[in-house]
Amino acid sequence: MRTATLGPAERAAALAAMAERELDVLVVGGGVVGAGTALDAVTRGLSTGIVEARDWASGTSSRSSKLIHGGLRYLEMLDFALVREALKERGLLLERLAPHLVKPVPFLYPLQHQGWERLYAGSGVALYDAMSVSSGHGRGLPVHRHLSRKGALRVAPCLRRDALTGALQYYDAQMDDARFVLTLVRTAVSYGALAAARARVTGFLREGERVVGARVQDVEAGGEYVIRAKQIVNATGVWTDDTQALIGERGQFHVRASKGIHLVVPKDRIHSTTGLILRTEKSVLFVIPWGRHWIIGTTDTDWDLDKAHPAASSADIDYLLEHVNTVLATPLSRDDVQGVYAGLRPLLAGESDATSKLSREHTVAHPVPGLVVVAGGKYTTYRVMAKDAVDEAVHGLDQRVAPCVTEDTPLLGAEGYRALWNARARIAARTGLHVVRVEHLLNRYGSLAEEVLALVAEDPSLGEPLAAADDYLRAEVVYAASHEGARHLDDVLTRRTRVSIETFDRGTRSAREAAGLMAPVLGWDEGRIEREVEHYEKRVEAERESQRQPDDLTADAARLGAPDIVPI
């Protein structure tokens, strides 16, 4: 079984190795596009490094709607090429690349008009299914079906009877976005890439017109590394313009940030066996099944404030509740909201004033020799964006380079996943864990679940759940620090697990237990544990305060009340 460890020692060794010799490709940015680019480059035989200023996926790539989808609404915009491309990628991920991480999810689209709407919407969904099958990778999902009002209320009793005349049900797919990115990074490392998070690019090296490397600050341990590379790929999403500014050149395009917020509510607040997709006056609204919860989103508003910590305001929360309550028989209130998160979409600027109408197409450019920029796009098509970015970088390399092979390169944990899934009852009997716990591990780690189970075998207390977040085992916290590159408590509670949005206390009751589990792995003393817990509690309080503010400006100011990095 192929594997890779992102522990403290591996991070230090990767930074040192990147500074020792010239790389073929250095990727800047550890979101889904950067991680995908690193995997694409290294699997073509190129010496590859990737650095991320904060934690892996800490920006947009951990704050999405967590969907792998073709983009049904882009059919209405007649953007057939984008939908076809996305549906092919969806099929690849479900069937071949990441069946352990990407899962089918049903959606119900309520119809509000007799006759014409069923014909109009039904034609669109039928075309969506047909394009999926024609891509060659869409046969694994059920096809759509038409439902009467009675049939719709049978699968979604939560709906108001007068809110629909009937419905359509179709399928897309979902994943845990942060875990997916982490798996991409680990897969790249397993093929020889060098990876370091909390390593910030502070400037680029130039020789004449050419960019030949980057100065990288070690945010954790201090010190600066000079990393030379034949080609650098700027994959920093909403930070693209900021990164471009480091070379003092105007970019060939600009990236504009659009804020989307999501609410997380407990499963029992919405009685349904299917997700929902609703029209709003601006876009669409999803109600997405998420384990023992629902995710409701999203908004779509321009954002020009702090990019690291986009804040959800009280108005954002009210907007989502108001719109979802138009169809729910039992309305949701603020008290039902368990978690809230906000993310920024990187949209290519200049195409439209309304952010919801900006294209999700991506662009690749070579603004100066030695530097490639990739921006725009959508999560589902990350692999295509990565391929295009590396293709562009290859033009600047004086050597023959193999073509892209990521279409046939499963992510870590995919190999053997289905066999282990079939054996889950035996694994439960062998380990003493309930079969539901084994299923949880297999759907988060795939075949790498065996590494988590090895920790439990060594210390049976790690087979117990976290006291205040019992969806997760104590072993998962240890594994996050030892194997998955988690450096701070926030990394574990917000991205390695989803405790921060899946509990009403936002993870504060789990903070001390989790920090204590991380401490032996990361060499923390009691003082460091206290600082990590205090930092996390301040972050949660700042987020809560921002969500009580009336608008973006006041919400942003409140969110910035908590420091970004734990003082050492």
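Counting begins at 1 with the first residue of the sequence.
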Which donor-acceptor pairs under 3.5 Å do side chains of residues 21-30 form with protein atoms, sequence neighbours excluded?
{"unit_1": "Asp24", "atom_1": "OD1", "unit_2": "Lys230", "atom_2": "NZ", "d": "3.2"}
{"unit_1": "Asp24", "atom_1": "OD2", "unit_2": "Ser47", "atom_2": "N", "d": "2.9"}
{"unit_1": "Asp24", "atom_1": "OD2", "unit_2": "Ser47", "atom_2": "OG", "d": "3.2"}

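- Side-chain N/O atoms of Thr43 and Thr409 include no donor and acceptor closer than 3.5 Å.
- Nearest approach of Ala41 to Val390, heavy atoms of both residues: N-CG2, 4.0 Å.
- Using a 4.5 Å heavy-atom threshold, the side chains of His100 and Asn443 count as separate.
- To the nearest 0.5 Å, atom CZ of residue Arg44 and atom OH of residue Tyr191 are 15.0 Å apart.
- For the pair His395 and Gln231, the minimum side-chain heavy-atom distance is 4.5 Å or more.
- A donor-acceptor pair under 3.5 Å is formed between the side chain of Arg2 and the backbone N or O of Ser190.
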Leu182 vs Leu6, test: side-chain contact (heavy atoms from CB on, under 4.5 Å). Steps then yes/no.
CA-CA 10 Å; Leu182 179 68; Leu6 298 182; 4.0 Å; yes
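- Atom CD of residue Glu476 and atom CG of residue Leu466 lie 8.0 Å apart, to the nearest 0.5 angstrom.
- Remark: Arg498 CZ to Trp290 CH2 distance equals 5.5 Å, nearest 0.5 Å.
- When side chains are defined from C-beta on, Val102 does not count as touching Leu97, because their heavy atoms never get closer than 4.5 Å.
- Between Asp302 and Arg256, at least one side-chain nitrogen of the basic residue sits less than 4.0 Å from a carboxylate oxygen of the acidic one, meeting the salt-bridge criterion.
- In this structure, the side chain of Glu532 engages the main chain of Leu489 through a donor-acceptor pair within 3.5 Å.
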Given the rule in the side-chain hydrogen bond (donor to acceptor under 3.5 Å, both in side chains) test, do Arg383 and Thr406 qualify, once you have shown the distances and angles that lead to the verdict?
CA-CA 8 Å; Arg383 195 191 65 80; Thr406 55; 3.1 Å; yes
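- In summary, Arg11 and Glu220 do not engage in a salt bridge, as defined by a charged side-chain N under 4.0 Å from a carboxylate O.
- Salt bridge annotation for Glu543-Arg559: present, with a cationic side-chain nitrogen under 4.0 angstrom from a carboxylate oxygen.
- When all heavy atoms are compared, the tightest approach of Ala195 to Ala14 is O-CB, 3.4 Å.
- The shortest distance between side-chain heavy atoms of Val492 and Tyr479 does not fall below 4.5 Å.
- Of the possible polar contacts, one joining the Thr298 side chain to the Ile261 backbone as a donor-acceptor pair under 3.5 Å is found.
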Quick one, Val201 with Thr243, criterion side-chain contact (heavy atoms from CB on, under 4.5 Å). Give me CA distance, side-chain angles, the key distance, then yes/no.
CA-CA 8 Å; Val201 171; Thr243 311; 5.6 Å; no
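- Ser65 meets the side-chain hydrogen bond (donor to acceptor under 3.5 Å, both in side chains) test with His262; sequence neighbours excluded.
- For the pair Arg418 and Trp421, the cation-pi criterion (under 6.0 Å, within 45° of the ring axis) is not fulfilled.
- With hydrogens and angles ignored, the 3.5 Å screen pairs a side-chain donor or acceptor of Arg206 with a backbone N or O of Glu209.
- Here Thr3 contributes atom OG1 and Glu415 contributes atom CD; the two are 11.5 Å apart, rounded to the nearest 0.5 Å.
- Using a distance-only test at 3.5 Å, with no hydrogens or angles considered, no donor-acceptor pair links the side chain of His254 to the main chain of Asp241.
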Go through it in stages, so that I can follow the logic: the residues are Val264 and Tyr341, the test is side-chain contact (heavy atoms from CB on, under 4.5 Å), and I'd like the CA-CA distance, side-chain angles, deciding distance and then a yes or no.
CA-CA 8 Å; Val264 182; Tyr341 65 94; 4.2 Å; yes
Take Phe180 and Ile68, measure what side-chain contact (heavy atoms from CB on, under 4.5 Å) needs, and give me the verdict at the end.
CA-CA 11 Å; Phe180 189 92; Ile68 295 291; 5.6 Å; no
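- A salt bridge does not link Glu85 with Lys387: every distance from a Lys NZ or Arg NE/NH1/NH2 to an Asp or Glu carboxylate oxygen is 4.0 Å or more.
- Contact between Thr187 and Pro410 at its shortest, heavy atoms only, is CG2-O, 4.0 Å.
- Applying the side-chain contact (heavy atoms from CB on, under 4.5 Å) test to Glu530 and every residue at least two apart in sequence or in another chain returns Arg512, Glu526.
- Between the Tyr379 side chain and the Asp177 main chain, a donor and an acceptor come within less than 3.5 Å of each other.
- Under the 3.5 Å distance criterion, the side-chain polar atoms of Asp491 are matched with a main-chain donor or acceptor of His488.
- Considering only heavy atoms from C-beta on, Trp524 comes within 4.5 Å of Met518 through its side chain.
- When atom types are taken as modelled, the side chain of Arg186 and the backbone of Ala4 share a donor-acceptor pair closer than 3.5 angstrom.
- Here the straight-line distance linking atom OG1 of Thr380 with atom CG of Leu92 works out to 12.0 Å at 0.5 Å rounding.
- Checked against salt bridge (Lys or Arg N to Asp or Glu O under 4.0 Å), Glu537 has no partners two or more places apart in sequence or in another chain.
- For the pair Leu205 and Arg215, the minimum side-chain heavy-atom distance is below 4.5 Å.
- Legend: residues meeting salt bridge (Lys or Arg N to Asp or Glu O under 4.0 Å) with Arg179, ordered by chain and number and at least two apart, are Glu484.
- Between Glu407 and Arg96, the shortest heavy-atom distance links the atoms O-NH1, 2.9 Å.
- In this structure a side-chain-to-backbone donor-acceptor pair under 3.5 Å is missing from Lys307 to Leu344.
- Here the closest heavy-atom approach between residue Ala414 and residue Ser447 is recorded as N-OG, 4.5 Å.
- When side chains are defined from C-beta on, Val33 counts as touching Thr37, because their heavy atoms get closer than 4.5 Å.
- Within the 3.5 Å criterion, the main-chain N or O of His309 finds a donor-acceptor partner in the side chain of Asp306.
- Taking Leu305 as the reference, Trp303, Asp552, Leu553, Asp556 meet the side-chain contact (heavy atoms from CB on, under 4.5 Å) condition, with sequence neighbours excluded.
- Residues Ser510 and Thr503 are not in side-chain contact: their nearest non-hydrogen atoms beyond the backbone lie 4.5 Å or more apart.
- Side-chain contact annotation: Thr431 with Arg437, donor-acceptor N/O pair under 3.5 Å absent.
- For the residue pair Val533 and Ala515, the shortest heavy atom distance occurs at CG2-CB, 4.0 Å.
- Within a 6.0 Å sphere centred on CD of Gln399, other residues, nucleotides and ligands contribute more than 12 heavy atoms.
- A distance of 9.0 Å separates CD of Glu392 from CG of Asp388, quoted to the nearest 0.5 Å.
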